[in-house]
Amino acid sequence: MSLLAFPDEILLDIFDYLYFYEIIYSFYELIHHNNRIHELINTRLRSINLSKLDLRYMTKSQFMFTCRYIKSKENFLEKIHDLTLSNQYTFGEIRLFLSQISFDQMINLKKLYLIQSALDEYHILFPTKLSHLTHLTLENPECNDNNRIILIDEMNELIELNIHSKSIVQFRSEYCRLEKLTVSHLSLIDLIGFSTFFPNLHYLDITLISTEIDLNQIHIPLLTVLKLRSYNVEHHLCEKFLLNLLQLRELYYSNNIQCTKTFIVDGYRCQLLIERLPLLEQFEINLYLCNTYSIDICEIAASFQSSFYLSKNWNIVCESRQNSNDFHVYSVPMPSFKVLNTTTDSLVSSAVLPVDDPYANVDYLKLNMTSNWPLVTRFFPNVDTLELVQLNHSKMIPTLSILSYLNKSIFLSKIRKLILPSPCHFDDSLLRYLLQQSAQHIDNLDISCHYLLRLIKTNILQSPLSIRILTLRDDYLSLNDRTIFIDFFNLNLNCLSLYLPNNNSLSETIQLFLDQFQFLYSLNVFTHDPISMLIHVQLCQMIQQRLQASAELRPTNIRIWQK
């Protein structure tokens, strides 16, 4: 059956799953010879997302082709409503886009997603036309010298603002129309001015860090949805903050609570809080209770199994290791958090109401491997990132135990990213089994350099692997090992991040990587010591000779975007 036999609606749905440049390449001939396809792509395809968060995989030539295509089409820029640009892995892309296309021409641009944007890229290079944006997302933007993110002023049309960063965000102007705000790092004291900065705020997702202030000063009168993630914030401070928000209808609350500093936070205490929020309809928690002396899991579980919670169908799970005073109390299903930290230790768990797919939203599983491998009772059907953690290095963990646990708790065929601990105290055959047998779709690997090289040298890992993104941690890739490494990975590798020794061979090694890795899009090199002026000059000369490359040279970090 020909693809052209499908109705327009199905073709548009197919286009939604493709990157824009893939559409241009795949349908290039049809665009020029088939009026229907030309009309669909150039008129009815209204949302252009140049990366779908994966722009880092686009080479510079592909990116330039896409820019030229957009510029060549009459009124095409006016049709762009949704645009994503990324400097992640592909340093300089945002600046390159701005050198090719003016935002003044994108008069209907409403949604902008910037990933790892430089400070001047979102403050100076964007003209006042961006004041018409309604949705803005900044992921890991560059901060100023005070480790703060200062937002763009005079964006009066913003309805939704999302800032994902480890740096504190500082607001300094009013966003009168803003209804939805997500901030991943915020001090309690910065909440004081929210009623002034965001007079129309209805939805707030924040991660708070600890600061002692008078929470009676914090008022957000229109807020109805709050997702409160707390780190090192005393629970009583969070309670004070919540009791200022009597209009809340939905609440998600996450915290690590040291019970040596406060009374136990159990179902009874949560109930007292909820009853003082008269409009609350949905309630979720994710609490880690630490050092709860003289309290056992039955007491905590029973406090959430009262008629109060059952009548609202709020389903709470309480878990702990055997003979432990630490408890994990969380809601199921888990719609508001996608990352779950768990352990292979036997967990004592409270009885819960029946629920279908309680962990369906979990896509990042951080598994602390221990010598205890119990009967698996939980399943995580949609995990695509698996991080293996090993805190106790006194015993070697059998590969069979790990694989048995993983096969019963996740779909290994869905794993795309694997993060391994340092050091790895398990059988070396585990990685071979995962990468070359059970989890062959893994294309992103984060691993110790020394451990990976040992597996390669002993032929435990066989080339080729499907790894496209490789992050080497902990150790230098030595001069003696670089040939072995290049020979093993030069077929598929797109993005590489690693440490190199800071010596006279540094420039030569980088040159070799760029020449030998045929499909390498991005190279990120770290050195422990600042590079010398001589090596800096050599690197600059090398990059200048490559017309289709961008680079950033910092004292201990070198980033190159290669064709």
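- Salt bridge Arg546/Asp515: present, at least one basic N to carboxylate O contact under 4.0 Å.
- The main-chain N or O of Phe519 is found under 3.5 Å from a side-chain atom of Asn494 such that the two form a donor-acceptor pair.
- Looking at Thr343, its side chain never comes within 3.5 Å of a backbone N or O of Leu367 through a donor-acceptor pair.
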Given side-chain contact (heavy atoms from CB on, under 4.5 Å), test Ile163 with Leu136 step by step and report yes or no. CA-CA 8 Å; Ile163 307 169; Leu136 174 63; over 6 Å; no
Carefully, step by step, assess Ile510 and Leu512 under the rule side-chain contact (heavy atoms from CB on, under 4.5 Å). CA-CA 5 Å; Ile510 292 177; Leu512 186 63; over 6 Å; no
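- In terms of modelled atom types and a separation under 3.5 Å, the side chain of Asn492 and the main chain of Leu465 share a donor-acceptor contact.
- A side-chain donor-acceptor contact under 3.5 Å links Gln390 to the backbone of His425.
- For the pair Thr399 (side chain) and Ser429 (backbone), a donor-acceptor distance under 3.5 Å is absent.
- With contacts defined as side-chain heavy-atom distances shorter than 4.5 Å, the pair Leu431/Leu461 qualifies.
- Expressed to the nearest 0.5 Å, how far CD of Gln440 lies from CD1 of Ile415 amounts to 13.5 Å.
- Atom-to-atom distance recorded for Leu452:CG and Leu420:CG is 9.5 Å, nearest 0.5 angstrom.
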Taking it one step at a time, do Leu178 and Ile159 satisfy side-chain contact (heavy atoms from CB on, under 4.5 Å)? CA-CA 4 Å; Leu178 196 75; Ile159 297 175; 5.6 Å; no
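- Note that OG of Ser522 is 10.0 Å distant from CG of Leu493, once rounded to the nearest 0.5 Å.
- Remark: the Glu179 side chain and the Tyr203 side chain contain no N/O donor-acceptor pair separated by less than 3.5 Å.
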Pair Glu139-Tyr113, side-chain hydrogen bond (donor to acceptor under 3.5 Å, both in side chains): steps then yes or no: CA-CA 8 Å; Glu139 182 175 323; Tyr113 197 148; 2.6 Å; yes
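- Between the side chains of Ser422 and Asp474, at least one donor N or O lies within less than 3.5 Å of an accepting N or O.
- Within the structure, salt bridge (charged side-chain N to carboxylate O under 4.0 Å, His left out) contacts touching residues 496-507 (residues at least two apart or in different chains) do not occur.
- Side-chain atoms of Arg473 come within 3.5 Å of backbone atoms of Asp446 as a donor-acceptor pair (strictly under, hydrogens ignored).
- Here the OH atom belonging to Tyr433 is positioned 3.0 Å from the OG atom belonging to Ser438, to the nearest 0.5 angstrom.
- At least one donor-acceptor pair closer than 3.5 Å links the side chain of Ser463 to the backbone N or O of Phe488.
- Inter-residue side-chain proximity for Ile558 and Leu500 is flagged as unmet; no heavy-atom pair is nearer than 4.5 Å.
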Going through the checks in order, is the side-chain hydrogen bond (donor to acceptor under 3.5 Å, both in side chains) test met by Ser505 and Asn503? CA-CA 5 Å; Ser505 66; Asn503 53 35; 2.5 Å; yes
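- Surrounding NZ of Lys338 are at most 12 heavy atoms belonging to other residues, nucleotides or ligands under 6.0 Å away.
- The heavy-atom pair separating Ser165 from Ser184 by the smallest distance is N-OG, 2.5 Å.
- Within the 4.5 Å cutoff, no side-chain heavy atoms of Lys414 are placed close to those of Ile410.
- Looking only at side-chain heavy atoms (C-beta outward), Val383 and Asp363 stay at 4.5 Å or farther from each other.
- With 3.5 Å as the limit, one finds a donor-acceptor pair spanning the side chains of Asn524 and Asn557.
- Using modelled atom types, one finds a donor on one side chain and an acceptor on the other under 3.5 Å when comparing Thr370 with Thr344.
- Atom CG in Leu453 sits 7.0 Å away from atom OG in Ser478 (nearest 0.5 Å).
- In this structure a side-chain-to-backbone donor-acceptor pair under 3.5 Å is missing from Asp481 to Leu477.
- By the 4.0 Å N-to-carboxylate-O rule, Lys417 lies too far from Asp443 to be salt-bridged with it.
- For the pair Val389/Lys366, a side-chain contact is recorded, criterion being any heavy-atom separation below 4.5 Å from C-beta on.
- A centroid separation of less than 6.0 Å is found between the aromatic rings of His528 and Tyr476.
- At distances below 3.5 Å, at least one donor-acceptor pair connects side-chain atoms of Asp475 with backbone N or O atoms of His450.
- Residue Asn504 qualifies as open at atom CG: its count of foreign heavy atoms under 6.0 Å is 12 or below.
- For His164, the NE2 atom is densely surrounded, since the number of other residues' heavy atoms within 6.0 Å is greater than 12.
- Between Leu388 and the choices Ile419, Ile397, Leu365, Leu430, the side chain to side chain contact (heavy atoms under 4.5 Å, CB included) rule is met once, by Leu430.
- Using a 4.5 Å cut-off on side-chain heavy atoms (C-beta onward), Phe411 and Leu406 make no contact.
- When every heavy atom of Ala439 is checked against every heavy atom of Leu412, the shortest pair comes out as CB-O, 3.4 Å.
- Considering every non-hydrogen atom in both Ile442 and Ile467, the closest pair reads O-CD1, 3.6 Å.
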Dump the intermediate steps for salt bridge (charged side-chain N to carboxylate O under 4.0 Å, His left out) on Arg454 and Asp428, then the final yes or no. CA-CA 9 Å; Arg454 182 164 65 83; Asp428 293 340; 2.6 Å; yes
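- No more than 12 heavy atoms of other residues, nucleotides or ligands sit less than 6.0 Å from atom NZ of Lys111.
- Residues Thr556 and Phe526 are not in side-chain contact: their nearest non-hydrogen atoms beyond the backbone lie 4.5 Å or more apart.
- In terms of heavy-atom proximity, Leu472 sits nearest to Tyr499 at O-CD1, 4.1 Å.
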Apply side-chain contact (heavy atoms from CB on, under 4.5 Å) to the pair Leu138 and Ile115, showing each step before the final yes or no. CA-CA 6 Å; Leu138 301 176; Ile115 303 172; over 6 Å; no
Just do the side-chain hydrogen bond (donor to acceptor under 3.5 Å, both in side chains) check on Thr509 and Arg482 with the steps written out, would you? CA-CA 8 Å; Thr509 302; Arg482 69 182 187 183; 2.7 Å; yes
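- The backbone N or O of Gln116 lies less than 3.5 Å from a partner atom in the side chain of Asn87, making a donor-acceptor pair.
- Looking at Thr134 and Leu158, their side chains never come closer than 4.5 Å, going by heavy atoms from C-beta outward.
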